[in-house]
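Let me begin by presenting the structure, written as structure tokens, before commenting on it.
Small disclaimer: the values here were computed from a predicted structure and weren't measured. Heads up: numbering here begins at 1 and tracks the sequence. In what follows, every heavy atom counts, from backbone to side chain, and hydrogens, waters and symmetry copies are set aside.
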Amino acid sequence: MAAAAVTGQRPETAAAEEASRPQWAPPDHCQAQAAAGLGDGEDAPVRPLCKPRGICSRAYFLVLMVFVHLYLGNVLALLLFVHYSNGDESSDPGPQHRAQGPGPEPTLGPLTRLEGIKVGHERKVQLVTDRDHFIRTLSLKPLLFEIPGFLTDEECRLIIHLAQMKGLQRSQILPTEEYEEAMSTMQVSQLDLFRLLDQNRDGHLQLRETRLGNGWWMTPESIQEMYAAIKADPDGDGVLSLQEFSNMDLRDFHKYMRSHKAESSELVRNSHHTWLYQGEGAHHIMRAIRQRVLRLTRLSPEIVELSEPLQVVRYGEGGHYHAHVDSGPVYPETICSHTKLVANESVPFETSCRYMTVLFYLNNVTGGGETVFPVADNRTYDEMSLIQDDVDLRDTRRHCDKGNLRVKPQQGTAVFWYNYLPDGQGWVGDVDDYSLHGGCLVTRGTKWIANNWINVDPSRARQALFQQEMARLAREGGTDSQPEWALDRAYRDARVEL
């Protein structure tokens with residue numbers, strides 16, 4: 001969303017494995033590898049060369065010793081050759097030598113991922129020096145955890161105060177003409193778009209399959225109203241055939257959406273937000289929270305420090321956020337926002353690549369405002385099943401009570417989850433559809449939350465290149481040792497005490 005229990009690694013089983021291994025070599029041969037120092041690893045037990053009741057022949061022993069001495073002699077000769085070949089240049093090869101060919105490709109180790117064990121499982125961790133925290137598993141699909149008391153009441157009030165000082169802006173930004181122009185440049189035919197929307201492959205678009213809202217929350221009623229306005233559904237049955245969809249001009253759709261003045265309740269998201277800097281020079285509490293998140297996630301400092309700053313969100317009475325996922329898959333037409341500077345690729349769209357979400361509740365909400373996970377721990381996932389019998393599980397204004405899991409806001413509590421499945425090789429796999437979540441309607445009072453998103457590019461090589469480039473900029477003392485979008489120079493020098 002720091003102790004050994006939080007590493008997400010399974011307990012060591014080396015001792016059990018060693019106990020099951022035979023203590024002596026097979027009867028037909030001796031283990032030359034162990035004698036040559038070429039065993040399974042530094043912790044492998046030393047095994048005798050032969051069975052205890054047998055005696056190795058003198059000839060075998062002499063051959064083995066000759067092999068070992070030749071091997072060591074060759075290694076030493078190679079080291080001496082390299083040393084004298086380099087001469088006095090070993091301390092600094094100089095720019096002419098550094099320029100000879102590209103350096104090795106940067107590589108990254110596996111990403112840490114906590115184990116959920118089972119729903120309700122608790123583990124104790126120490127994230128700060130003066131108290132313990134308890135992590136409780138809320139669901140396995142998605143892998144979701146809760147930590148009561150992650151922030152103190154004073155820290156919550158400070159974050160709210162800093163956000164108010166900076167000023168908040170409306171969260172929902174409706175598409176601009178530039179966005180529509182970019183959409184038109186995509187090489188997607190009307191037929192391809194129809195097939196993309198036709199999820200059940202029946203050759204018709206039902207109302208629940210038409211999701212072209214572009215920031216508006218499209219209910220069945222509003223979709224039919226739009227169809228009538230742009231004359232897309234001549235027979236008025238609410239279902240578009242391929243022919244009817246092909247006859248529709250998408251420019252009419254965009255024109256209709258621009259001309260329609262929506263109420264805040266009709267938007268996908270009704271809230272205000274701002275961003276607070278957490279890098280070097282930030283308020284010491286902001287730095288402490290980031291370090292706490294670093295210990296919680298057990299990820300590398302480079303990944304956490306180069307992730308997005310803290311987003312602070314205020315939901316007034318009537319505020320909501322319909323169900324969504326925090327990350328999107330990276331298609332050829334998209335690229336991750338945080339690594340785009342090193343990608344050297346020209347693509348029309350960006351997406352936020354967020355490996356983890358860590359969400360903090362900054363106050364107690366008088367009424368509503370839960371975080372809902374509509375399909376948490378469902379046996380299967382089917383997007384079409386999100387809408388059944390006129391109940392849309394994504395609609396957090398009307399159907400939050402139908403979701404599988406709801407988390408009530410509690411000041412200081414943090415919840416965190418993984419937005420991607422593992423790829424089996426220690427990196428990011430597909431987006432976890434079960435991470436679908438939303439903010440329920442605030443019926444009374446105000447709701448304050450904050451989000452720490454941990455950014456990881458699904459391309460391991462691109463993430464490594466990004467971290468390498470940021471490290472180079474930091475070493476050279478450049479002002480952009482973090483990506484430009486993550487910097488907030490106006491807040492970086494602020495010093496606020498409550």
Side-chain angles (χ1 to χ4, degrees), residues 91-112 162 166 274-312 326-327 330 334-358 420 426-428 451-495:
S91 60
D92 183 7
Q96 68 274 18
H97 286 75
R98 289 194 297 265
Q100 292 179 0
E105 285 290 326
T107 58
L108 297 177
L111 295 171
T112 304
L162 291 174
K166 184 178 178 187
T274 192
W275 302 88
L276 297 182
Y277 180 72
Q278 292 181 283
E280 294 295 335
H283 189 279
H284 67 92
I285 295 297
M286 302 302 295
R287 290 294 297 158
I289 293 172
R290 169 156 279 184
Q291 293 303 309
R292 206 174 305 161
V293 169
L294 176 62
R295 290 190 288 273
L296 169 69
T297 62
R298 304 288 290 180
L299 294 168
S300 72
E302 293 80 10
I303 286 179
V304 175
E305 290 288 359
L306 293 174
S307 291
E308 294 171 66
L310 186 73
Q311 186 195 55
V312 184
D326 283 347
S327 289
V330 179
T334 63
I335 198 168
C336 294
S337 299
H338 74 288
T339 56
K340 66 178 181 178
L341 297 178
V342 299
N344 293 325
E345 300 175 22
S346 178
V347 293
F349 299 107
E350 299 174 18
T351 187
S352 296
C353 301
R354 293 161 171 166
Y355 176 60
M356 293 180 66
T357 297
V358 185
Y420 291 94
W427 203 249
V428 172
N451 294 299
N452 255 150
W453 285 300
I454 310 300
N455 301 112
V456 176
D457 195 312
S459 167
R460 199 169 193 162
R462 195 158 52 213
Q463 178 72 27
L465 184 61
F466 165 71
Q467 291 180 201
Q468 184 184 61
E469 181 64 14
M470 293 302 105
R472 182 188 65 81
L473 290 174
R475 286 193 305 269
E476 294 177 357
T479 58
D480 292 330
S481 58
Q482 283 191 312
E484 184 177 354
W485 58 266
L487 290 177
D488 185 352
R489 296 180 177 85
Y491 170 74
R492 181 171 54 184
D493 298 327
R495 293 291 186 276

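- Scanning for side-chain hydrogen bond (donor to acceptor under 3.5 Å, both in side chains) contacts around Glu469 gives Arg472, with sequence neighbours left out.
- Going from atom CE of Met470 over to atom CD of Glu302 covers 13.0 Å, rounded to the nearest 0.5 Å.
- A donor-acceptor pair is defined here as one N or O able to donate and one able to accept, closer than 3.5 Å; no such pair exists between the side chain of Thr112 and the backbone of Leu299.
- Here the CG atom belonging to Leu296 is positioned 6.0 Å from the CE atom belonging to Met356, to the nearest 0.5 angstrom.
- Side-chain contact check for Val428 versus Gln463: every heavy-atom pair is 4.5 Å or farther apart.
- Rounded to the nearest 0.5 Å, atoms CG (Leu111) and OG (Ser300) are 8.0 Å apart.
- Summarising the geometry of Ser307 relative to Trp453, their closest heavy-atom pair is CB-O, 3.3 Å, with the distance given to 0.1 Å.
- Shown here are the ring-ring contact (aromatic ring centres under 6.0 Å, His included) partners of Tyr355, two or more places apart in sequence or in another chain: Tyr418.
- The side-chain hydrogen bond (donor to acceptor under 3.5 Å, both in side chains) search around Arg292 returns Glu155, not counting sequence neighbours.
- Of the inter-residue distances, the one linking Leu276 atom CG with Asn452 atom CG reads 10.0 Å to the nearest 0.5 angstrom.
- Of all non-hydrogen atoms in Tyr277 and Pro309, the two that sit nearest each other are CA-CB, 4.3 Å.
- Using a 30° and 60° split on the angle between ring planes, His338 and Phe466 fall in the perpendicular class, above 60°.
- Here the side chain of Asp457 pairs a donor or acceptor atom with the backbone of Ser459 at under 3.5 angstrom.
- Between Lys340 and Arg462 there is no side-chain heavy-atom pair separated by less than 4.5 Å.
- To the nearest 0.5 Å, atoms CG (Leu465) and CZ (Arg460) are separated by 15.0 Å.
- In this structure, Asn455 contributes its side chain and Leu306 its backbone to no donor-acceptor pair below 3.5 Å.
- When side chains are defined from C-beta on, Gln291 counts as touching Leu294, because their heavy atoms get closer than 4.5 Å.
- Once rounded to the nearest 0.5 Å, the distance linking CG of Leu108 with CD1 of Ile303 reads 6.5 Å.
- Here the side chain of Arg287 pairs a donor or acceptor atom with the backbone of Gln278 at under 3.5 angstrom.
- Without hydrogens or angle criteria, Ser352 side chain to Ser327 main chain gives no donor-acceptor distance under 3.5 Å.
- Residues Ile285 and Leu162 fail the side-chain proximity criterion, which asks for heavy atoms closer than 4.5 Å.
- Between Ser337 and Arg354 there is no side-chain heavy-atom pair separated by less than 4.5 Å.
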